[in-house]
Each structure stands twice: as C-alpha cells, then as structure tokens.
Asker: 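Quick one: structure below, then a few questions.
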Amino acid sequence: MSQGPSKPDVNVAEDFSADVSAEAVAAVYAEALLGAAEKTGDADKLVEEFDSLVKDVLDRFPKLEAVWGSALVSHDEKLSLIDRVLGKRASPTMLHFLKVVARHGRLDILRPIHRQIRTLYNQRRGLVTVRVTTATPISDDLAAHIVRSLRSLTGGEPVLERVVDPQVIGGIVLKVGDTVYDGSIANQLERLREQIIERSAHEIQSRRDRFRHSA
C-alpha cells in the first residue's frame with residue numbers, strides 16, 4: 001500500500017505548482033497588456049517602462065516590493081502607494097494596469113509578468129532572449145561578440161539578459177529558451193571528475209578480471 005509522498009516531496013510539489021500557476025497567470029496579464037499597447041502603437045514605450053519599473057523601483061526598493069506583494073496589506077493601501085510612488089512618473093496605461101493587478105491581489109507577480117511580456121515582445125519581433133550568466137560582469141565588447149556568435153544558433157536576433165553568479169567559476173552559462181549551454185569551469189571539472197571515477201572503476205574491474213584468469 002502506498003504511503004504517499006513524504007513531507008519534503010509535498011512541499012516541493014506545492015512550490016512547483018505555485019510557480020507554474022504564477023507564470024500562467026502572469027502570461028495572461030502580459031498578453032492583455034501588450035495587446036492593448038500594440039493597438040495604440042505604444043508597445044515599445046510600454047515595454048521600456050516596464051523594464052524601468054523592475055530596474056528602478058522593484059530592484060532599488062525591495063521593501064516596497066514586499067509590501068505590494070504582501071497579503072497583509074489591503075488593496076486600498078496598495079492603490080494609495082501606487083499613486084504616491086508612481087502617480088507622477090508612470091504613464092496612464094501603466095498606472096491603470098498596476099491598479100487592476102492590485103485589485104486582483106496579484107502585485108506579487110510583477111516580475112513574472114515582466115518576464116512574460118518581454119518574451120512575447122521579443123518573439124513578435126524576431127528577437128531571442130538569451131540569459132548570460134557569468135562569475136563577473138561582462139564587457140560590452142564581449143556581449144557584442146556573444147550576440148554575433150549566437151545569431152546562427154538562435155535563428156533570430158539575440159537579446160542578452162546579463163546575470164552575475166559567483167558560483168559560475170571562470171566560465172559562462174547561456175540559456176536560450178529552455179536550452180542551457182554550459183561552458184563553466186565548474187561543470188567541466190565535474191564532468192572530468194566523473195570521467196576519472198568511471199575510468200578508475202574500469203581499471204579496477206580489468207585488474208580483477210586479469211587476477212581471476214591468472215589464478
């Protein structure tokens with residue numbers, strides 16, 4: 001008789017389901033917002049404005065992002081914060097969108113919405129988002145070289161999303177869609193370690209076979 005999944009397994013499953021749900025809901029919001037902006041010819045400006053919202057507001061003021069995403073803060077308080085923080089800076093379209101999202105209690109998924117709208121925007125323009133993860137920031141010259149190298153691989157015009165991760169030891173990890181091209185030294189060392197273990201096991205087995213035949 002099956003005892004069912006363990007507690008950690010249940011937690012992982014719940015987290016995974018929540019992530020999938022958030023991305024699915026974000027895709028709906030992104031499609032609606034981008035579609036409305038395209039009808040008025042404001043798609044370029046809107047996407048740039050959303051980029052700025054993430055970079056200049058969410059990244060710089062994490063406490064504000066936490067308040068917007070908190071279930072303990074009322075919708076009215078969140079609407080008031082939106083007006084106070086962005087009322088004189090954001091476009092009417094963005095303000096209206098944020099208030100709609102706030103009324104539905106989904107300000108916690110602004111980043112997923114931004115990812116989805118960027119992906120849709122790029123796809124419709126033949127652009128391919130490429131996440132480049134390196135141990136240290138890369139130069140503009142190296143970024144341009146990566147773009148040139150990836151054009152034939154991606155079949156479109158690559159748009160780099162630069163990510164710094166110190167754990168990528170002296171290497172680079174490229175993610176195009178769901179495909180990861182990993183050239184990091186850390187992963188090379190891991191593959192080398194596995195090859196050494198496999199080769200050592202093979203040699204030990206060969207010695208055992210020779211000993212049996214000579215005995």
Asker: Charged N to carboxylate O under 4.0 angstrom, D108 versus R106?
Answerer: yes
Asker: So, do K45 and S91 sit near enough that their side-chain heavy atoms are less than 4.5 Å apart?
Answerer: no
Asker: Flag yes if more than 12 heavy atoms outside R131 fall under 6.0 Å of its CZ atom; otherwise flag no.
Answerer: no
Asker: Taking ring-ring contact (aromatic ring centres under 6.0 Å, His included) as the definition, give me every residue that meets it alongside F50, ordered by chain and number, with sequence neighbours left out.
Answerer: H114
Asker: Find the distance between CD (Q116) and CD (E23) and round it off to the nearest 0.5 Å.
Answerer: 5.0 Å
Asker: V28 and V47: same hydrophobic cluster, using ILVMFWY side-chain contacts below 4.5 Å?
Answerer: no
Asker: Please answer: with hydrophobic residues joined when any side-chain heavy atoms are less than 4.5 Å apart, are L64 and V73 in the same cluster?
Answerer: yes
Asker: Looking only at heavy atoms, what is the nearest atom pair of A143 and L160, with distance?
Answerer: O-CD1, 3.4 Å
Asker: Locate the shortest heavy-atom distance separating K78 from G69; write the atom from each residue and the value.
Answerer: NZ-C, 4.3 Å
Asker: Sequence neighbours excluded and cut-off under 3.5 Å, please list the side-chain donor-acceptor pairs for residues 29-40, or say none.
Answerer:
residue : atom : partner : partner atom : Å
E31     : OE1  : R124    : NH2          : 3.0
E31     : OE2  : R124    : NH2          : 2.6
E38     : OE1  : R124    : NH1          : 2.9
E38     : OE2  : R124    : NH1          : 3.3
T40     : OG1  : A37     : O            : 3.1
T40     : OG1  : D42     : OD2          : 3.1

Asker: Dump the intermediate steps for side chain to side chain contact (heavy atoms under 4.5 Å, CB included) on V159 and V130, then the final yes or no.
Answerer: CA-CA 6 Å; V159 176; V130 178; over 6 Å; no
Asker: Find out whether S80 and E77 are in side-chain contact, i.e. whether some heavy atom of one side chain is under 4.5 Å from a heavy atom of the other.
Answerer: no
Asker: Could you check if a side-chain atom of T93 sits within less than 4.5 angstrom of a side-chain atom of L46, using non-hydrogen atoms only?
Answerer: yes
Asker: Answer yes or no: is there a side-chain heavy-atom contact under 4.5 Å between V100 and L98?
Answerer: no
Asker: Could you tell me which non-hydrogen atom of A22 sits nearest to which non-hydrogen atom of P112, and how far apart they are?
Answerer: O-CB, 4.5 Å
Asker: Would you tabulate the side-chain donor-acceptor contacts of residues 81-88 under 3.5 Å, counting partners in other chains and residues two or more places apart, or write 'none'?
Answerer:
residue : atom : partner : partner atom : Å
D83     : OD1  : K99     : NZ           : 2.8
D83     : OD2  : K99     : NZ           : 3.4

Asker: If you take all heavy atoms of L79 and A102, which pair is closest and at what distance?
Answerer: CD2-CB, 3.9 Å
Asker: Are any of the side-chain heavy atoms of T133 and I172 separated by less than 4.5 Å?
Answerer: no
Asker: Just verifying a value: how many Å separate R125 CZ and L120 CG, rounded to the nearest 0.5 Å?
Answerer: 10.0 Å
Asker: Taking T119 for its side chain and R115 for its backbone only, find out whether a donor-acceptor pair lies under 3.5 Å.
Answerer: yes
Asker: So, taking the atom named CZ in R103 and the one named CG in D76, what distance separates them when rounded to the nearest 0.5 Å?
Answerer: 9.0 Å
Asker: List the steps, then state whether side chain to side chain contact (heavy atoms under 4.5 Å, CB included) holds for V163 with V132.
Answerer: CA-CA 6 Å; V163 178; V132 182; over 6 Å; no
Asker: Within the 4.5 Å heavy-atom criterion, are P137 and R162 side-chain neighbours or not?
Answerer: no
Asker: Would you mind listing every ring-ring contact (aromatic ring centres under 6.0 Å, His included) that reaches into residues 67-92, with sequence neighbours excluded?
Answerer: none
Asker: Could you tell me the separation between the OG1 atom of T134 and the CG atom of L174, rounded to the nearest 0.5 Å?
Answerer: 9.5 Å
Asker: Who passes salt bridge (Lys or Arg N to Asp or Glu O under 4.0 Å) against D51, sequence neighbours left out?
Answerer: R118
Asker: Tell me, do V67 and F61 make a side-chain contact under 4.5 Å, heavy atoms counted?
Answerer: no
Asker: If we only count heavy atoms from C-beta on, is the H145 to S149 side-chain gap below 4.5 Å?
Answerer: yes
Asker: Please say yes or no: joined through hydrophobic side-chain contacts below 4.5 Å, possibly via intermediate residues, are I146 and V176 part of one cluster?
Answerer: yes
Asker: Would you please name every residue forming a salt bridge (Lys or Arg N to Asp or Glu O under 4.0 Å) with R111, sequence neighbours left out?
Answerer: D59, E65
Asker: Does L95 form a side chain to side chain contact (heavy atoms under 4.5 Å, CB included) with R89? I'd like the steps, not just the answer.
Answerer: CA-CA 9 Å; L95 276 177; R89 300 174 56 189; over 6 Å; no
